[in-house]
Amino acid sequence: MGATFSVLFWLNKSKQRKTTLKMPIFVRITVNGKRAELSTGKTIAPENWEPVWGRVKGNTEEAKTLNCYLDKINVRLTRIFEDMADKGQSISAQEIKNRFLGKETRKHSLIDLFETHNKQMKSQIDNGYSEGTLERYETTLKHLKGYLSMIHKKNDIYVEDLNYSFMADFDVYLRAEKSIGHNTSVKYLRNFKKIVLLALKNEWINRDPFIRYKLALNDVNKEYLTKEEVQKLRDKNFEIDRLDHVKDIFIFCCYTGLAYADVEKLTGKEIKKGLDGEMWVMVNRKKTGIQSHIPLLPEAASILNKYQNNPTNAIKGNLLPVVSNQKMNAYLKEIGDVCGINKNITFHMARHTFATTITLSNGVSMETVGSMLGHKNLKTTQIYAKVVQEKVSREMKQLKAVLQI
């Protein structure tokens with residue numbers, strides 16, 4: 001919907017001149033209910049002013065000359081407004097005033113700021129940022145451009161014009177138009193808010209327009225494999241190499257908690273002897289850059305030994321023959337069906353399994369699990385502890401039912 005615009009001439013009584021009793025004529029510009037005012041440089045006696053029409057009374061030469069002057073101001077202001085509207089620019093009363101006075105202020109484009117941020121992030125891949133993080137910001141930018149085009153009929157907007165409703169409408173767009181779930185929408189909105197905070201730090205805006213907008217994630221059920229299901233996978237031998245390799249790598253991650261990005265680049269340099277004389281996996285997590293130190297359990301060590309002389313590893317310099325994450329997940333679905341596991345197994349489920357079935361369920365402290373997983377704070381690890389507590393609660397209810405028989 002187009003912006004509302006009006007021009008009103010009025011007498012500023014607060015600036016009445018004591019010597020002549022004349023009052024200065026001001027002009028008020030209103031755009032979408034917001035005002036900007038400036039002096040016309042002309043004065044007139046209040047008894048010669050018609051406030052309803054905003055013009056000088058009478059047909060004297062002086063009245064005609066002054067009204068003609070006011071008409072020209074009105075025309076100039078209207079043309080500025082129409083020119084901005086035709087170009088699809090963000091319009092405000094203050095900006096029209098500035099252009100009229102020849103003080104056109106430099107505005108800062110939201111899309112330019114976002115694209116600059118992403119370029120800088122791209123230049124720091126593997127030096128503070130990961131490809132996955134960049135991809136999420138690029139996706140956020142793509143959705144933001146789609147939102148501007150569909151809802152606002154614009155290619156861009158000035159950061160100075162952002163407000164609470166812009167974020168709220170963008171949220172609705174993600175969910176309604178793009179069918180994106182709550183948590184994913186919140187993550188996109190958080191990415192967007194980071195860009196807005198850059199504008200705040202650069203002092204391009206005076207306040208965070210989204211400060212009252214709540215961006216809370218819903219708790220999700222992190223699915224994992226039980227001890228019995230892990231054993232089913234370990235016991236199953238596949239004659240097809242691709243399935244056998246994927247099964248082994250998945251099991252390896254069930255006993256180390258490594259994410260795909262970390263096991264995919266795992267090399268011998270990251271298998272080190274610890275202070276206890278035992279072998280450890282010591283990696284910098286690709287996602288966060290935080291160090292993870294994980295004791296190499298026998299189950300994981302045996303898999304590394306199995307692939308010690310694998311030709312694929314020799315070419316890549318890695319310890320395990322990891323294929324793409326997409327292929328991993330496709331093969332894991334096939335493996336799960338063969339093993340009779342009625343769950344949608346994804347590669348990331350190995351990390352959840354390490355946190356729940358392998359460690360927390362066996363009495364490893366939450367602080368230790370968080371450290372091994374490379375979590376930035378304990379709240380992330382507590383999600384897994386909650387899952388374990390729910391499992392204990394269900395089993396204890398079953399036990400109570402048995403005891404009551």
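Note that the numbering runs from 1 along the sequence shown for the chain.
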Determine whether the side chains of D156 and S109 contain a donor N or O and an acceptor N or O closer than 3.5 Å.
yes

Taking atom CD of E47 as the centre, report whether more than 12 heavy atoms of other residues, nucleotides or ligands fall under 6.0 Å from it.
yes

Just jot down the side-chain hydrogen bond (donor to acceptor under 3.5 Å, both in side chains) partners of E270, sequence neighbours excluded, or say none.
none

Looking at residues at least two apart in the chain, or sitting in another chain, which of them share a salt bridge (charged side-chain N to carboxylate O under 4.0 Å, His left out) with D112?
none

Under 4.0 Å between a Lys/Arg side-chain N and an Asp/Glu carboxylate O for E115 and K122?
no

Smallest separation among heavy atoms of I358 and L297, with atom names:
CG2-CD1, 4.2 Å

Short question: side chain of R234, backbone of I251 - any donor-acceptor pair under 3.5 Å?
no

Qualifying residues under salt bridge (charged side-chain N to carboxylate O under 4.0 Å, His left out), relative to E50, sequence neighbours excluded
none

For the ring pair Y137 and H117, is the centre-to-centre distance below 6.0 Å?
yes

Option from L77, I96, I73, V75 for which side chain to side chain contact (heavy atoms under 4.5 Å, CB included) with V7 holds:
L77

Can you check whether G257's main-chain N or O pairs, donor with acceptor, with R351's side chain at less than 3.5 Å?
yes

Exactly one candidate in K247, R242, K327 meets salt bridge (Lys or Arg N to Asp or Glu O under 4.0 Å) with E334; the answer is R242

E37 meets the salt bridge (charged side-chain N to carboxylate O under 4.0 Å, His left out) criterion, sequence neighbours left out, with R28

Establish, yes or no, whether a centroid distance under 6.0 Å links the rings of Y213 and Y164.
yes

To the nearest 0.5 Å, what is the distance between CG (N191) and OG1 (T140)?
4.0 Å

Which heavy atom in T4 sits nearest to a heavy atom in G33, and how many Å separate them?
OG1-N, 4.2 Å

Whether the S365 and T368 side chains hold a donor-acceptor pair (N or O, under 3.5 Å, no angle test) is what I'd like checked.
yes

Counterpart residues, side-chain hydrogen bond (donor to acceptor under 3.5 Å, both in side chains), relative to Y147 (two or more places apart)
H152

E367, CD: over 12 other non-hydrogen atoms inside 6.0 angstrom
yes

Looking only at the aromatic ring of each residue, does the gap between the centers of Y173 and H143 stay below 6.0 angstrom?
no

R175 and D171 ion-paired at < 4.0 Å
yes

Partners passing salt bridge (charged side-chain N to carboxylate O under 4.0 Å, His left out) against E229 (at least two apart in sequence or in another chain)
K343

Identify whether the distance between the nearest side-chain nitrogen and carboxylate oxygen of R55 and D71 falls below 4.0 Å.
yes

For this output row, return yes or no: ring centroids of Y260 and H348 closer than 6.0 angstrom.
no

Can you name the closest pair of heavy atoms from L233 and C339 and give their distance?
CD2-SG, 3.7 Å

Assess the pair F192 and F210: is the distance between their ring centroids shorter than 6.0 Å?
yes

If the threshold is 4.0 Å, N to carboxylate O, is there a salt bridge linking E138 and K142?
no

Neighbour count >12 (heavy atoms, 6.0 Å) for atom CZ, R190
yes

Set out, in order, the CA-CA distance, both residues' side-chain angles and the distance that settles salt bridge (Lys or Arg N to Asp or Glu O under 4.0 Å) for K232 and E228, then state yes or no.
CA-CA 6 Å; K232 275 186 180 182; E228 294 73 23; over 6 Å; no

Just verifying a value: how many Å separate L332 CG and I335 CD1, rounded to the nearest 0.5 Å?
5.0 Å

Is it the case that H293 and K272 place a side-chain donor and acceptor less than 3.5 Å from each other?
no

Run the salt-bridge test on D244 and K306 with the 4.0 Å N-O cut-off and return the result as yes or no.
yes

